[in-house]
Undergrad: 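Quick one: the structure is below, and I'll ask about it shortly.
Chain letters run A, B, ... following the sequence lines, proteins first, then strands; residues in each count from 1.
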2 protein chains.
Amino acid sequence: MALLGADVRLTPHRREVFEVLQGSTDHPTATDIFTRVKDRSPSISLATVYNCLEHLSSAGLIKQVHLERGQSRYCANLHEHVHFHCETCGKVTDAHPAAGFDPAKFWNLPAGTKITRTELAIHGTCASCATKG
Amino acid sequence: MALLGADVRLTPHRREVFEVLQGSTDHPTATDIFTRVKDRSPSISLATVYNCLEHLSSAGLIKQVHLERGQSRYCANLHEHVHFHCETCGKVTDAHPAAGFDPAKFWNLPAGTKITRTELAIHGTCASCATKG
DNA sequence: TGAACACTTTAGAATCATTCCAATTCTAAT
DNA sequence: ATTAGAATTGGAATGATTCTAAAGTGTTCA
């Protein structure tokens with residue numbers, strides 16, 4: 001399977017990791033994914049999960065997300081989107097653009113800079129936590 | 001010293017950590033800061049540097065930045081800005097807005113969501129690395 | 001078919017960043 | 001000066017991730 005120039009041989013483990021991530025909307029961490037994949041393939045090791053995530057993300061099939069100190073999270077949503085992180089309950093949700101929009105245009109980057117990707121993280125309180133508080 | 005609602009007693013160590021960070025434009029990590037502060041105060045410990053950074057950032061005097069897996073970086077630039085991260089040389093530079101811009105307006109967040117801060121990271125190749133490559 | 005080779009997977013060890021802890025020192029206000 | 005609360009320390013502990021060496025799984029093609 002090829003995408004964005006890089007190849008990944010889609011071994012059973014890699015496929016499972018990918019499928020588990022595609023079936024998750026909560027931006028799981030590597031250990032979350034490990035736990036979920038283990039239900040189907042009890043023999044898989046955490047090292048393999050890391051390895052699979054590494055290969056899948058360098059092939060562009062998934063994305064790594066870094067929102068806070070601690071564990072990386074992963075995301076199989078390849079559409080243009082940003083991440084909303086609730087500082088109260090910790091949940092991370094995707095938000096999609098209201099209109100086609102290139103954030104890079106709004107910032108003065110030095111001439112000659114090449115952009116490969118942008119990551120926008122919005123931190124705050126989600127509607128549900130805001131109501132309770 | 002008070003700002004944004006929180007207080008910090010500005011002890012000598014905290015002041016030094018803050019000054020070192022203010023004098024740095026390279027978004028140093030905690031150990032980078034530890035090394036630099038050690039030149040002036042050889043007895044300071046890494047735990048104290050972490051402690052100072054924690055207090056300074058919860059008081060709103062500095063910001064933590066999470067761009068990639070691994071160490072957190074810190075930044076004393078409180079003006080509205082985004083971070084450009086060169087994937088080739090690893091340098092992180094600030095970019096300031098071309099025009100007043102509220103990223104939150106462009107994304108469909110659920111009604112009732114409260115935003116406390118946004119962090120935009122732009123990854124790519126800096127002009128200097130792009131020329132060499 | 002099967003020898004050779006490359007890639008994948010594994011468990012556990014190692015590393016690295018960060019946090020915790022208990023003891024000590026400092027500061028500010030009685 | 002005394003005392004309480006906060007700051008600082010070094011080292012231990014934790015947690016996430018990466019490394020390593022060995023074993024497994026194909027795949028190629030003579």
Undergrad: Treat primed atoms plus P, OP1 and OP2 as sugar-phosphate and everything else as base, then score nucleotides 11-27 of chain D 5' to 3': B for base contact with protein heavy atoms under 4.0 Å, S for sugar-phosphate contact only, - for none.
TA: -----SBBB--------
Undergrad: For the residue pair B/Asp32 / B/His27, report whether a side-chain donor-acceptor contact shorter than 3.5 Å exists.
TA: no
Undergrad: Could you state the CD1-P distance from B/Ile44 to C/dT25, rounded to the nearest angstrom?
TA: 17 Å
Undergrad: Would you say the side chains of A/His81 and A/His96 form a donor-acceptor pair under 3.5 Å?
TA: no
Undergrad: By salt bridge (Lys or Arg N to Asp or Glu O under 4.0 Å), which residues pair with B/Arg36, not counting sequence neighbours?
TA: B/Asp26
Undergrad: What pairs meet the ring-ring contact (aromatic ring centres under 6.0 Å, His included) rule with one or both residues in residues 44-64 of chain B, with sequence neighbours excluded?
TA: none
Undergrad: For DNA chain C, what residues of residues 33-43 of chain A have any heavy atom nearer than 4.0 Å?
TA: A/Ser43
Undergrad: Quick one: label A/Thr11 by what it contacts on the DNA or RNA (base, sugar-phosphate, nothing), any heavy atom closer than 4.0 Å.
TA: sugar-phosphate
Undergrad: Just to verify, which of B/Asn77, B/Leu120, B/Leu67 counts as forming a side chain to side chain contact (heavy atoms under 4.5 Å, CB included) with B/His83?
TA: B/Leu67
Undergrad: If only side-chain N and O atoms of B/Ser45 are considered, is one of them under 4.0 Å from the OP1 or OP2 phosphate oxygen of D/dT8?
TA: no
Undergrad: How close do B/Phe34 and B/Ile44 get, counting heavy atoms only, and between which atoms?
TA: CE1-O, 3.3 Å
Undergrad: Output the rounded distance in Å from CG (B/Leu53) to P (D/dT8).
TA: 12 Å
Undergrad: Could you tell me the separation between the NE2 atom of B/His13 and the C1' atom of D/dA7, rounded to a whole number of Å?
TA: 9 Å
Undergrad: Using only side-chain N and O atoms of B/His55, determine if any of them is under 4.0 Å from OP1 or OP2 of D/dA6.
TA: no
Undergrad: Under the salt bridge (charged side-chain N to carboxylate O under 4.0 Å, His left out) rule, what pairs show up with a residue in residues 118-133 of chain B, not counting sequence neighbours?
TA: B/Arg117-B/Glu119
Undergrad: Only counting residues at least two apart or in another chain, list the ones meeting salt bridge (Lys or Arg N to Asp or Glu O under 4.0 Å) with B/Arg40.
TA: B/Glu16, B/Glu19
Undergrad: Using a 6.0 Å cut-off, check whether atom NZ of A/Lys114 has over 12 heavy atoms from anything other than its own residue.
TA: no
Undergrad: Between D/dA7 atom C1' and B/Arg15 atom CZ, what is the distance in whole Å?
TA: 15 Å
Undergrad: Measure the distance from CG on B/Asn51 to P on C/dC21 and round it to the nearest whole Å.
TA: 14 Å
Undergrad: Rounded to whole angstroms, how far apart are CD on B/Glu16 and P on D/dA7?
TA: 16 Å
